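All values below come from the heavy atoms of this structure, side chains included, with hydrogens, waters and symmetry mates left out. Everything quoted here is computed from the prediction, not taken from an experiment. Every number for a ligand or one of its atoms is a count from 1 in the order of the listing.
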Amino acid sequence: RKKDRGKKLKSVKAEKHSLYPQPVQSFSQMRDRFGISSRLAANIEDQGYSTPTEVQLGALPLLLDAPDRFLSPDVQNEATKLSSRIDLLTVAPTGSGKTLAFIIPLLHTISQARRKRKDRNTSAIILAPTKELAGQIVNEGRKLARDTGIKITQVRKGMKLVAPANASDDEDEEVRESNETVVKSDILVSTPGILASAIQEATEQGLAALSAVESMILDEADVLLDPLFRDQTLAIWNSLSHEDLRVSLWSATMGSNIEELARSTLNARRTRISAEGGQ
Ligand code: ADP
Ligand code: MG
């Protein structure tokens, strides 16, 4: 494994001017290189994370860096033509640390946006196939978001989404109005079914509730694109109207459903990072 890893990193380095940014070497390096806030860096450290796992080494710079900074000119033109942003499909084994790899960039992006704009709009959604997994993501996210002012909420049945314009004013994020919980949160974590119904309900009331969402994360994407969840997952995806929407798919296995979807829908480039040999 050690030897493999060295080889992988070298090949990533060799391509740094074409497709890949340099991997990060340590979490502390992210402060200088990507301007991660000292609060976020401290939260990462407080959780006992000191060395990024292999999938984090590779994925973090892709999601934290502006693509223009590392794309070669021809790829840059190609990418700019399609959009200024990239989507990402990450395949790495269970237990390899994918959660951190998608949460850290979200927290970073949201805290940067907050410096310019104080209001709270939902700007990211994370889908997971079960409530338990969604709950674990919320727990992990909240620990890393401590004292950043970023709110992460698991969507529960019956919760109502609010339109971004209405989400701005007060600090009372979950208000009970005639027994209905209205959710105002930077990041929503949900199973596809619950979020799809909440969106449908909002749409029926004429609310474009998720129009400010710039990131969509599909965790366990192979399952989310299974026949069981596929329609709901795609309905959510299709309801996101932000023109700079960035999508990332995370999975332990590369199912044909993912590959097909990635080919047909993901933007600009597909980047495959495999954390362990073979793939
Ligand atoms: P995956 O989603 O890829 O299956 P998880 O994100 O659930 O993996 O992470 C698996 C475990 O590894 C978790 O307990 C998590 O806290 C731990 N972990 C993640 N990243 C690191 C790291 N950089 N250093 C130490 N432990 C980590
Ligand atoms: Mg996971």
### Query
Can you check whether a protein heavy atom sits less than 4.0 angstrom from atom 21 (C) of ligand 1?
yes
### Query
For atom 14 (O) of ligand 1, is some protein heavy-atom partner under 4.0 Å away?
no
### CD/Gln47: more than 12 non-hydrogen atoms of other groups inside 6.0 Å
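Enclosed.
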Is [Y] close to [X] at the side-chain level, that is, under 4.5 Å between some pair of heavy atoms?
| X | Y | result |
| --- | --- | --- |
| Leu144 | Leu100 | yes |
| Gln205 | Lys160 | yes |
| Ile103 | Ile152 | no |

Return yes or no for this condition: an N or O of [X] is under 3.5 Å from an N or O of ligand 1.
| X | answer |
| --- | --- |
| Lys98 | yes |
| Gly95 | yes |
| Gly97 | yes |
| Ser50 | no |

### Query
Which heavy atom of Ile150 sits nearest a heavy atom of Ser111, and at what distance?
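The pair with the smallest heavy-atom distance is CD1-N, 4.0 Å.
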#### Entry: Shortest non-hydrogen separation from Ala41 to Ile36 and the atoms involved
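Heavy atoms of Ala41 and Ile36 come nearest at N-CG2, 3.9 Å.
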Checking a contact table here: which protein heavy atom is nearest [atom], and how many Å away?
| atom | result |
| --- | --- |
| atom 19 (C) of ligand 1 | Gln56 NE2, 3.6 Å |
| atom 5 (P) of ligand 1 | Thr99 OG1, 3.5 Å |
| atom 16 (O) of ligand 1 | Tyr49 OH, 2.7 Å |

### Message
Checking Phe102 against Leu88 for the side chain to side chain contact (heavy atoms under 4.5 Å, CB included) test, could you report, in this order, the C-alpha distance in whole Å, the side-chain angles of both residues, the deciding distance, and whether it holds?
### Response
CA-CA 10 Å; Phe102 61 70; Leu88 184 69; over 6 Å; no
Which ligand 1 atoms, with their elements, are less than 4.0 angstrom from a heavy-atom of [X]?
| X | value |
| --- | --- |
| Thr53 | 20 (N), 21 (C), 22 (C), 23 (N) |
| Ser96 | 1 (P), 3 (O), 8 (O) |
| Thr94 | 4 (O) |
| Leu100 | 20 (N) |

### Task
State the CG-CH2 distance between Leu127 and Trp237, to the nearest 0.5 angstrom.
10.5 Å
### Shared hydrophobic cluster for Ile199 and Met216 (ILVMFWY, side-chain gaps under 4.5 Å)
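Yes; tracing contacts between hydrophobic side chains, which count when under 4.5 Å, links both residues.
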Heavy atom of [X], distance to ligand 1 below 4.0 Å:
| X | answer |
| --- | --- |
| Pro93 | yes |
| Ala92 | no |
| Phe27 | yes |

### Task
Any chance you could lay out the side chain to side chain contact (heavy atoms under 4.5 Å, CB included) test for Leu89 and Met254, step after step, and finish with the verdict?
CA-CA 10 Å; Leu89 162 60; Met254 182 73 182; 3.7 Å; yes
#### Entry: Side chain, backbone, both or neither: Thr51 near ligand 1, heavy atoms under 4.0 Å
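Thr51 to ligand 1: backbone contact only, side chain stays beyond 4.0 Å.
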